[in-house]
Protein chains: 2
Amino acid sequence: MASSFALLADPTRRRLLDELRMGEQPVGKLAQQLNMNQPAISKQLRVLREAGLASVRVDAQQRIYRLNPDGLREIDDWLAPYREFWEGRLDAMERTLELMED
Amino acid sequence: MASSFALLADPTRRRLLDELRMGEQPVGKLAQQLNMNQPAISKQLRVLREAGLASVRVDAQQRIYRLNPDGLREIDDWLAPYREFWEGRLDAMERTLELMED
DNA sequence: CAGTTATATGCTTGTCAAGGCATATAAAAT
DNA sequence: ATTTTATATGCCTTGACAAGCATATAACTG
């Protein structure tokens, strides 16, 4: 999985991230929350793990997954220039016009 | 294509959006910039158009595409709670601690 | 009208990925 | 040691989708 953009394409992974945002959780509980069978969840958790968006901690038989949100910065950064289109659009425009008047 | 997350999964579409961010452009020029053949570009532009991320203007034989960034807000909104993990993490933590002390 | 330019669409193929099911692995409990 | 609990992995089927090529559409040009 090259870029983290592809990671967010799958709704299951987005829901997993949203769930992990609430705090670390074992696989079984995540499967329960998302109402999906365990192997499906394990596979998606692996994808998130290998992409660096989640990390695991072992507790007896349980594997407790934890959010690692740093990888999402790539997306946030890509989005930044677009954000200006709906935030402070006028400010940016005014600044541009001022520069042009010089 | 249900959500705009899936739209960004494809690098060609991301590059198209980046290109359109510079200003409206006809199909041919976009194909040239991305160094891809025209049908491929037309298809991806259609996807962007139907998702509401781009709009077209007719000029003689040319179809001039224009960015419509509002659809990206869905992604930005989803990303917002994660952004706090790397922006102002301490501030949020401090506020939480203050509340807990009451 | 014939020809040319710009773009869209149809068809086909290759690729990849998600989830279901069965099974392997590993630790805990009895 | 056997059984139970928790998770991972392998195999398989199915669906989606991107791009190449050929072709259709539509507007401009001479």
Side-chain angles (χ1 to χ4, degrees), chain A residues 1-20 22-68 71 74-75 78, chain B residues 1-20 23-68 71 75 78:
Chain A
M1 191 88 51
S3 94
S4 34
F5 288 95
L7 291 177
L8 299 192
D10 180 54
T12 299
R13 283 192 292 264
R14 287 201 301 277
R15 295 207 296 153
L16 277 175
L17 292 172
D18 285 337
E19 201 58 46
L20 289 176
M22 313 305 178
E24 56 176 23
Q25 294 181 52
V27 178
K29 193 171 176 193
L30 290 168
Q32 194 180 344
Q33 298 285 347
L34 302 205
N35 197 29
M36 289 180 63
N37 60 43
Q38 173 264 316
I41 296 299
S42 278
K43 283 171 194 168
Q44 296 303 346
L45 284 172
R46 178 183 189 166
V47 174
L48 293 177
R49 201 186 348 137
E50 292 181 343
L53 283 180
S55 53
V56 211
R57 173 167 74 80
V58 178
D59 176 31
Q61 304 112 310
Q62 293 190 330
R63 305 293 165 99
I64 298 178
Y65 279 79
R66 177 188 176 80
L67 179 65
N68 218 341
E74 178 191 352
I75 296 175
W78 181 86
Chain B
M1 189 88 53
S3 95
S4 34
F5 288 94
L7 291 177
L8 300 191
D10 181 54
T12 300
R13 283 192 293 263
R14 286 201 302 277
R15 294 206 297 155
L16 276 174
L17 291 173
D18 284 337
E19 201 58 46
L20 289 175
E24 55 177 24
Q25 293 181 51
V27 178
K29 193 171 177 192
L30 290 168
Q32 193 180 345
Q33 299 285 346
L34 302 205
N35 197 29
M36 290 179 62
N37 60 43
Q38 173 265 316
I41 296 299
S42 279
K43 283 171 195 168
Q44 298 301 350
L45 284 172
R46 179 183 189 167
V47 174
L48 293 177
R49 201 188 347 135
E50 293 182 341
L53 284 180
S55 53
V56 211
R57 174 166 72 79
V58 178
D59 178 31
Q61 305 113 308
Q62 293 190 329
R63 305 293 165 101
I64 299 177
Y65 279 79
R66 178 187 174 80
L67 180 64
N68 218 342
I75 296 173
W78 182 86

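Here is the naming used below: chain letters follow the sequence lines, and residue numbers restart at 1 for every chain.
- To the nearest angstrom, P of C:dA22 lies 13 Å from NZ of A:Lys43.
- Here the closest heavy-atom approach between residue A:Ala54 and residue A:Asn68 is recorded as N-CB, 3.7 Å.
- Comparing A:Gln44 and B:Tyr65 by the nucleotide of DNA chain C whose heavy atom lies nearest to each, the residue mapping closer to the 5' end is B:Tyr65.
- Listed pair A:Gln62 / D:dT5 fails the phosphate criterion, with no side-chain N or O lying under 4.0 Å from OP1 or OP2.
- Contact annotation for B:Gln38: base contact, defined as any heavy-atom pair under 4.0 Å involving a base atom.
- One interatomic measurement links the two molecules: CZ of A:Arg57 to P of D:dT7, which rounds to 12 Å at whole-angstrom precision.
- Side chain of A:Ala60, nearest nucleotide from D:dT7, C:dA28, D:dG20: C:dA28.
- The distance between atom CE of A:Met36 and atom P of C:dC21, rounded to the nearest whole Å, is 12 Å.
- One finds a salt bridge joining B:Arg46 and B:Glu50 here, because a Lys/Arg side-chain nitrogen approaches an Asp/Glu carboxylate oxygen to under 4.0 Å.
- Rounded to whole angstrom, the span from the CD atom of A:Gln61 across to the P atom of D:dT3 amounts to 17 Å.
- Across A:Ser4 and A:Glu74, no two heavy atoms sit closer than the pair OG-OE1, 2.6 Å.
- Between A:Ser42 and the phosphate of D:dT9, there is no side-chain N or O to OP1/OP2 separation shorter than 4.0 Å.
- Side-chain atoms of A:Gln44 and A:Thr12 form no donor-acceptor pair, as typed in the model, at a separation below 3.5 Å.
- When every heavy atom of B:Arg14 is checked against every heavy atom of B:Ala9, the shortest pair comes out as NH1-O, 3.6 Å.
- Phosphate contact (OP1/OP2 of D:dA18, side-chain N/O of B:Thr12, threshold under 4.0 Å): absent.
- Between B:Arg46 atom CZ and D:dA19 atom C1' there is a gap of 16 Å when expressed in whole angstrom units.
- B:Ile41 places its CD1 atom 8 Å from the P atom of D:dA19, with the value rounded to the nearest Å.
- Among the protein residues, B:Pro39 comes within range of the nucleic acid bases, having at least one heavy atom under 4.0 Å from a base atom.
- Residue-to-nucleotide proximity on DNA chain C shows that, of A:Ala40 and B:Gly28, the 5′-proximal contact is made by B:Gly28.
- One can place CD of B:Gln32 at 15 Å from C1' of C:dT5, the figure rounded to the nearest angstrom.
- Here D:dA26 presents its P atom at 9 Å from CZ of B:Arg63, a figure rounded to the nearest Å.
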